[in-house]
Amino acid sequence: MTDNDHNSHSAIDPTALPSFDTMPNVATMETSHVNKDQPPFILVDGSYYLFRTYHALPPMTTTQGLHTNAVRGTLNALLKLMRRYHPTHMAVAFDTKAPTFRHQLSADYKAGRPPMDKELSQQISYIHRLVTALGLPLLRIEGAEADDIIGTLAQRAVAEGHHVVISTGDKDMAQLVNDCVILEDSFTGKITDRAAVIDKFGVAPEQMIDYLTLMGDSSDGIKGVPGIGKKTAETLLTKYGNIGNILAHVDDIKGRAGKNLVEYADDIPMNAQLATIVTDLEIGQDWEDLRINTDPSAYIDELRALYSELEFKNELASLDHPNHPANAQGVAASQAATESQAQIAKSVQSTKIDNIKNSKQHDKAWHTVLDMPAFDSLVARLEAAPYFVIDTETTSVHWREAEIVGVSLALEAHEAYYIPLTHDLADDPLTDKQLDRDTVLARLKPILENHNIGKIGQHLKYDTHVLSHYGIDLLGHPHAPEASAAKYPNNWAMDTMLASYVINAAVTRHGMDDLARHYLHTQTITYEDVAGKGAKQVTFNQVAIDIASDYACEDADVTLQLFELFNDKLKDDANNAKLLHQLEIPTAQILCNMEADGILIKRSFLNELSKRFDEEIIALEARAHDIAGDAFNVGSPKQLGEVLFDKLGVIGGKKTKSGQYSTSEAVLSKIDHPLVDVVLEYRSLSKLKSTYTDALDAVSDKDTDRVHTSYHQALTSTGRLSSTDPNLQNIPIRTATGRLIRQAFIAPPERVIVAADYSQIELRLMAHFSGDETLTRAFNEGLDIHTATAAEVLGKAVDEVSATERRNAKAINFGLLYGMSAFGLAKQLQMGRNEAQDYIDMYFNRYPKVKQYMIDTRASAYEHGYVQTLLGRKLYTPDINSSNRMVKQAAERAAINAPLQGSAADIIKLAMIAVDKVLPKDHAKMLLQVHDELVFEVDQDKVDEISTLIQNAMQDVLTRTAADCGWDIEFAVPLLVETDSGHNWDEAH
DNA sequence: GCATCATCTTA
DNA sequence: GTAAGATGATGCG
């Protein structure tokens, strides 16, 4: 390293920088010659593991006082890599203390770094010796950083036909990623391929240098351009591709960013040079020098001596064990090759798809339909198709206000059509060529409504809403005949979002971009890519038709590819197929109707409440200021904490994790002070006003006075639904004032509200799953379960149980469902941890099979990585093997709760299907689902009859509906449903 | 303007 | 101790 002309960002006129796609950059290397059948070349960023593990791991010392945590952490990373990849060649690179060309270039470079702790520096020589003793090539070059050694060797290895895994957690290295080079952080386990770079930073690997140059890096002392942070850097690079092009268009860039780009343009070349990893260092070692030494006799004595000095007892013992990686080079080499190949294949696939951010060219047959002959022939193909993908493009993500802008369709993978209908971008030459919306929809209507032609879509509930605004009733459920012989009970269409959700709810989110990334290793064009974001985002009708067409065609194309992939997966898992076709898709169809119907609210009443609450809030605020002796924002936890604990000197201030006082209800209610009562009342009323009385009125339809929520069916980890815009699953009920909100949910004239809820469904599931006789008997005898629990645990008769005893038993019962700890129970019951533990011990003593259930459930999570619900839904528990104790224990509690909560979710979905089937639609509507409750509006003169109908359908769901849908279930206790009715939801509950 | 925290509402 | 969503305040850019 003698001069600085090794990279393309030399100190020249920045506007003359070559465009990035011609830069000699690792990320853009030619890689077709690379052989991926061999194990990868592993390049380890030793300095990264040194620092990372030193700071992340708890201090450890030998009996001599030698600190060893960084040695251990780095060793573990190395062993993990060797076990995983069984490499033949490897290099472990470290920084040296000597200054590098970057220090000469900039006085600020890494200037802000504090000196290294003595506890860390004393470990460095041990790590170096350990690397060598493991037979691994160690590289330290004066004047070069580990990054540069790695950059150089990565480039050289790829040029010589090897694929590469760079083991690091340093984001700067992302500039080295390409289809043969991936990053792996062996400390966190995170793998970063090309798609992951795009996902994480919003720019491609070949743009990373420019990204870092613009944004700067405070930890390295690279300044960047002031006013450009990660968001602006991402936006600019997405729009202009590279810095050269950004500077060429600097006049178009508004605001601080544009001004500073001009002002600081002279600094850019230097910053670029600091950010660029060198790839042409002089390194003496050739390929053979980087071969791992597999001859144990060469180093085993040194290794033994080191382990023994470091007091690594297990490692010392394992040296004599044949499976130690140090003794097992080449063992299971074929297995290693397969594993690493899979990793690399993922990265390769992800690069095959063009990223719109860099290039809009594509080799796919994506068509924009702009004339009648083209539309006619498309219609002919659709009419003859067994199934096709449909996706609507609209003006809004909210189904209620969405107007159709275009329709995309796909019949085969890698081919798609977009029919633009109502784009109206003024200077788009294609605007006037669009076909007439109503003509097109009229032609499509019979096809979309033909249930013999299968329809496939991503999140079809949305498209169904949109199409229904235009009088089209989407139907058609494509059967994969070989998937299952079962006859599907409905004709609604197949949904890839729901397929993904039943297959594995936890592995990814289920939006199309997420699914494409996870299952197809493709970065799709996002809505923000075509329409912008934030305040400047435009609606889809304002997107140019050629760009819109790429986006829309890709959506349809990707959906079809996902359909084919999921269909294959479902063929291998008949129960997942059943969950999708018999449970989720029918539920989606019902939810669609419930959302569209909405529930009536009494707006005048809500407005009155708002006014009343407001008056009281103002009075309470004045009183609070009076007590405090000063005006402050009562709604600010921060200000309240300061007033209460600092100014007024109240004792009992606990801090939250961010260092401010906690003023939560749990803390305040323990404090005896006049201000506390005022604040709690203030909080309660302002919560009710802002979240409920104001918000519900605001979102209601002003013509019909109905509110329409959106149910999310592919979101929770357990199979429950969630509800947003507004959330109608958390309407108050516990306090009298809160219940006033419920009273605003009413039925239209001549109708009443009917609510039907499952009684203690999760505890009944606990009885069923555990098989505990005592618990089962209590339900079979129809006892009050909390009283029965108290009587059982305390050895009393049921009628001798006091209110407090029942309350404690209730807390235990809830604790059971939540994976209870003594700590949590103690907090809930405001008692000592030992006392809580005694309660738990007494409980398990009386209910031994419940205890066993909890043990078995944990074991199942460890063994399979998932737990299952009553209907066999697999709920994955990815954190169960976390090395973080807290995370792992949280995962255990979630694993215990998941089958119970998830089975209850299965049951109520079955109930919705069962009720929907028998409900007389002219006289009643199902309106809401609140986890264990269904809410209806029912003709007043048919309340008794229909309530009984609903109750029976819900109670018999496991004996009848489950069987109809293909599940054979013997349930240990009866399901009990309670129904009630009234003029509003409060009265009905 | 956007993200995060603290708080509070439900099953 | 499980699972969610909405809000106002606050801090960053």
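Since this is a predicted model, take the numbers as computed values, not measurements. Lettering follows sequence order; numbering is per chain, from 1. Side-chain atoms are counted along with the backbone in the values below, which use heavy atoms only and exclude waters and symmetry mates.
- Counting only residues at least two apart or in different chains, salt bridge (Lys or Arg N to Asp or Glu O under 4.0 Å) contacts with residues 884-893 of chain A comprise A:Arg858-A:Glu892.
- Contacts of A:Asp757 classified as side-chain hydrogen bond (donor to acceptor under 3.5 Å, both in side chains), with partners at least two apart in sequence or in another chain: none.
- Residues meeting the salt bridge (charged side-chain N to carboxylate O under 4.0 Å, His left out) test with A:Lys687, sequence neighbours left out: none.
- Think of the region where chain A sits on DNA chain C: with heavy atoms and a 4.0 Å cut, that region ends 5' and 3' at C:dG1 to C:dG11.
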Walk along nucleotides 4-11 of chain B from 5' to 3' and tag each nucleotide B, S or - by protein heavy-atom contact under 4.0 Å, base first, then sugar-phosphate.
-SSSBBBB

Name the atoms and distances for all side-chain donor-acceptor pairs under 3.5 Å in residues 874-881 of chain A, with sequence neighbours left out.
unit_1   : atom_1 : unit_2   : atom_2 : d
A:Lys874 : NZ     : A:Asp573 : OD2    : 2.7
A:Thr877 : OG1    : A:Gly865 : O      : 3.3

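- For A:Arg764, there are no salt bridge (charged side-chain N to carboxylate O under 4.0 Å, His left out) partners at least two apart in sequence or on another chain.
- Base engagement by A:Gly815 is indicated by at least one non-hydrogen atom pair under 4.0 Å involving a base atom.
- The residue A:Asn633 sits close only to the backbone: its heavy atoms come under 4.0 Å of sugar-phosphate atoms, none of a base.
- Residues that satisfy the side-chain hydrogen bond (donor to acceptor under 3.5 Å, both in side chains) test with A:Asn984, not counting sequence neighbours, are absent from this structure.
- Partners of A:Tyr692 by ring-ring contact (aromatic ring centres under 6.0 Å, His included), not counting sequence neighbours: none found.
- Heavy atoms of A:Ala905 sit nowhere under 4.0 angstrom from any nucleic acid atom.
- Counting non-hydrogen atoms under 4.0 angstrom, A:Thr691 reaches the backbone sugars and phosphates but no base.
- Looking at residues two or more places apart in sequence or on another chain, you find no side-chain hydrogen bond (donor to acceptor under 3.5 Å, both in side chains) involving A:Lys810.
- Only A:Leu715, A:Thr716, A:Ser717, listed by number, bring a heavy atom of residues 708-717 of chain A to less than 4.0 angstrom from any atom of DNA chain C.
- Ion pairing of A:Lys909 with A:Glu584 is present here, as a side-chain N (NZ or NE/NH1/NH2) and a carboxylate O approach within less than 4.0 Å.
- Remark: A:Thr539 engages A:Asn541 in a side-chain hydrogen bond (donor to acceptor under 3.5 Å, both in side chains) (not counting sequence neighbours).
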